[in-house]
Amino acid sequence: MTSIPDYMTSKHRECDDYFTEAESAVAKDNWSEAETKWQLFSDEFAQHLSQEEETLFPQFEQATGMTAGPTQVMRMEHQQMRALVQDMNNALEKKLKDEYLGLSETLMVMMQQHNMKEEMMLYPMMAQHLTNGEQLISSFEAS
Amino acid sequence: MNMSGLSFNALPPIDLPFRFFLTAPLFIIACSVYVIFYGDSLWLSRWTPGMLTLTHAFTLGFITMVMMGASLQLLPVIGGIGLKHPRFVASTSYLLHCIGTLCLLFAFNFTHEWWFSLAIVFLSVSFFIYIYALIDVLIKKLSQGDSIVGFRLAMACLIVVIVLGLVLISRNLDLASIGLGQVLSADKHFTNIHAVWGIAGWGSLLIIAVSFQVIPMFHVAPNFPVLIRKSLTWFVTLLLIIYLFSPSWSIPFLFRAHAIFAMCLLWVLSQRKRRITDTTIRYWQFAAIALLLSNILYFLPEAWLVNDSQSNSIVQRILQQKELILAATIVYGYLVSVIQGMLIKILPFLSYTHLQQRCLMDFSAMQLIPNMHDFFTKKQALILFVLHAVTSILLLVVIIDNQFFRLFAVSLMLEFSWLFFLLLKTALLYSQVNRKITLSSQS
């Protein structure tokens, strides 16, 4: 059985891998490789965010009664990251290398500090408060 | 787990760290002019007024100044809690630190007693406010282990360095007339403790602690090995304590500990997944190589360098100036390199993060925020690195052959003027966009 912090953190690393591979491909002007990796990233990214927003955050809010706390900030940051991902989609479509790399540096930094807050604080708090944490992760793994 | 103390948005206002960052290069620019006017006698030993001025302009005016500003920002990120009353703490300690450092630099040159007295008053009050505020946070149970431990140890070293520094400069005062007499005898051992604890304790421990956190984060690299993360900062601290009693036994181990750190650093960087060119990576690599070179110079048996057939004047000079060369390689090649590398990474990062936090409530304003490369380009960062590398080499050259002091001073001035330009550019773009976001949220 995998815990919430272990599983969700491993998903962050997986997203990082696809993200950096796409970024390296753009830097080398290898646009087809970039598109493949970017697609893998986008799918993982979207799934991860929805697992948090639709399952983990509501359960955590219910268990702790903290509806306007960390989860609220995380939701707002998700929105901002989605906007950056959209901008990067456009840059990739138009093959705008400098634009893409400037945005990727930005999203990278934003993702890393967002992930750090989740990994250092939110996930351990979830593991502590959600008694059904491992079951939830099993359902994620099965999906 | 106590969640009430945890804050996801504990970042202090950006102008607080920015004032430290923007002022720091000005000390070095002023210093470069001073080096030109002082002449080549500055480099004769570590005890000349010129050398004392230069080292303290670097350590207090640049290194500590930036670290004080960065700590304000780092604590909320790595510990999850910000300072209480950040504006009071940062503004007061900043102002007093600037005045105190200037007084100390004047004191080294115009040995009037009152310059020393003023330096003691301003620096002690400044550090007291700053350290008290940080300790108030650091004693709490914070969210994360390894970096915070290193942070605490670095802070403990800073206290020792400051207390010792204040006592050392108090030797210039006529304390006998007020019944205190000389607190410490004029023993080189105490000045060495002050210097070694400052460099390997306050400077290096903070850098080591921060590297555990920021290298995996910014460069998608693996974590440092667990053993290193858990034990290196404690090991260095232990060696510093041993140094108090047995310097000759402790110093070789301090060098080795830093060689291990340098090799781990190079290994972690080599394993990074993010392969895109990045000037901050070059700075980290440069710093690691400087540490390894200082180890080579320290451990190389002098008999290998000096033998009848090969000894020449350059080798002789290197041996004569070994202490200064080691200090320069460690302070300039290691500490200053990492600090510059971090500055060019965290400035756009902080600017972006602060602007982004402002847009949490006004999502449409996100489009106004520049991307990281808009603050300054990769090429502009690379120019800074090249200037830094050139100045580092010229620093070694001038220590070996003092006549090149003007060339070194010009290179130093160019490097830190360029750094100042990049900092100013970022701060101006930040405030410009910040105003636009305010207008957008009002409309």
Side-chain angles (χ1 to χ4, degrees), chain A residues 12-13 15-28 64-66 69-84 86-88 91 98-122 124-129, chain B residues 1-11 76-81 142-145 147-148 213-214 216-223 272-278 280 345-346 348-353 355-357 359-367 369-375 377-378:
Chain A
H12 283 166
R13 298 294 98 82
C15 283
D16 287 347
D17 288 350
Y18 293 137
F19 183 89
T20 50
E21 283 165 2
E23 191 183 43
S24 300
V26 171
K28 288 180 204 148
T64 61
M66 292 171 71
T71 47
Q72 190 56 25
V73 178
M74 294 297 99
R75 282 180 212 273
M76 289 192 278
E77 289 190 359
H78 285 176
Q79 277 312 99
Q80 294 184 327
M81 287 194 284
R82 286 189 176 105
L84 277 170
Q86 188 53 49
D87 288 346
M88 287 174 74
D98 289 344
E99 171 82 5
Y100 181 94
L101 293 178
L103 289 166
S104 76
E105 180 81 24
T106 314
L107 180 57
M108 188 72 208
V109 161
M110 192 160 167
M111 272 197 311
Q112 293 306 321
Q113 53 118 19
H114 175 85
N115 292 353
M116 201 155 82
K117 291 178 204 167
E118 291 187 337
E119 290 167 23
M120 305 286 175
M121 296 182 230
L122 192 56
M125 281 153 72
M126 283 178 171
Q128 204 178 18
H129 288 90
Chain B
M1 186 185 287
N2 173 22
M3 287 185 292
S4 60
L6 291 178
S7 166
F8 274 40
N9 289 304
L11 292 180
V77 177
I78 65 177
I81 305 181
L142 299 173
S143 56
Q144 218 260 337
S147 287
I148 282 292
Q213 193 80 49
V214 298
M217 172 175 160
F218 281 135
H219 307 293
V220 195
N223 280 322
R272 73 187 189 278
K273 288 182 188 152
R274 198 157 183 239
R275 308 305 301 186
I276 196 153
T277 6
D278 185 330
T280 302
K345 182 60 83 179
I346 63 174
F349 167 65
L350 284 184
S351 308
Y352 184 85
T353 306
L355 291 172
Q356 169 244 331
Q357 296 284 335
C359 297
L360 284 177
M361 295 301 174
D362 179 14
F363 186 66
S364 62
M366 272 287 280
Q367 56 176 324
I369 308 183
N371 73 46
M372 297 267 289
H373 291 172
D374 293 332
F375 287 102
T377 63
K378 288 199 162 200

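Within every chain, numbering begins at 1; the chains are lettered A, B, ... in the order of the sequence lines, protein sequences first and strands thereafter. Here the structure is a predicted model, which means the values were calculated and not measured.
Put simply, the side chain of B/Arg275 does not reach to within 4.5 Å of the side chain of A/Glu23, judged on heavy atoms. Proximity of B/Lys273 to A/Asp17: side-chain heavy atoms (C-beta onward) are separated by under 4.5 Å at one or more points. Looking at A/Gln112 and B/Phe218, their side chains never come closer than 4.5 Å, going by heavy atoms from C-beta outward. Between B/His219 and A/Met108 there is no side-chain heavy-atom pair separated by less than 4.5 Å.
The distance from the CG atom of B/Asp374 to the CD atom of A/Glu99 is 8.0 Å, given to the nearest 0.5 Å. Summarising the geometry, atom SG belonging to B/Cys359 is positioned 13.0 Å from atom CD belonging to A/Gln79; distances are rounded to the nearest 0.5 Å.
The candidate with the highest count of non-hydrogen atom pairs below 4.5 Å against chain A, out of B/Asn371, B/Val220, B/Asp278, B/Ile369, is B/Asn371. Looking only at heavy-atom pairs under 4.5 Å with chain B, the residue among A/Asn115, A/Val109, A/Leu103 that has the most is A/Val109.
Only the side chain of A/Leu84 comes within contact range of chain B, with heavy atoms under 4.5 Å apart.
Applying the side chain to side chain contact (heavy atoms under 4.5 Å, CB included) test between A/Thr106 and each of B/Gln356, B/His373, B/Met372 identifies B/Met372 as the sole match. With B/Phe349 as the partner, the side chain to side chain contact (heavy atoms under 4.5 Å, CB included) test is satisfied by one option alone out of A/Met110, A/Glu105, A/Gln113: A/Gln113.
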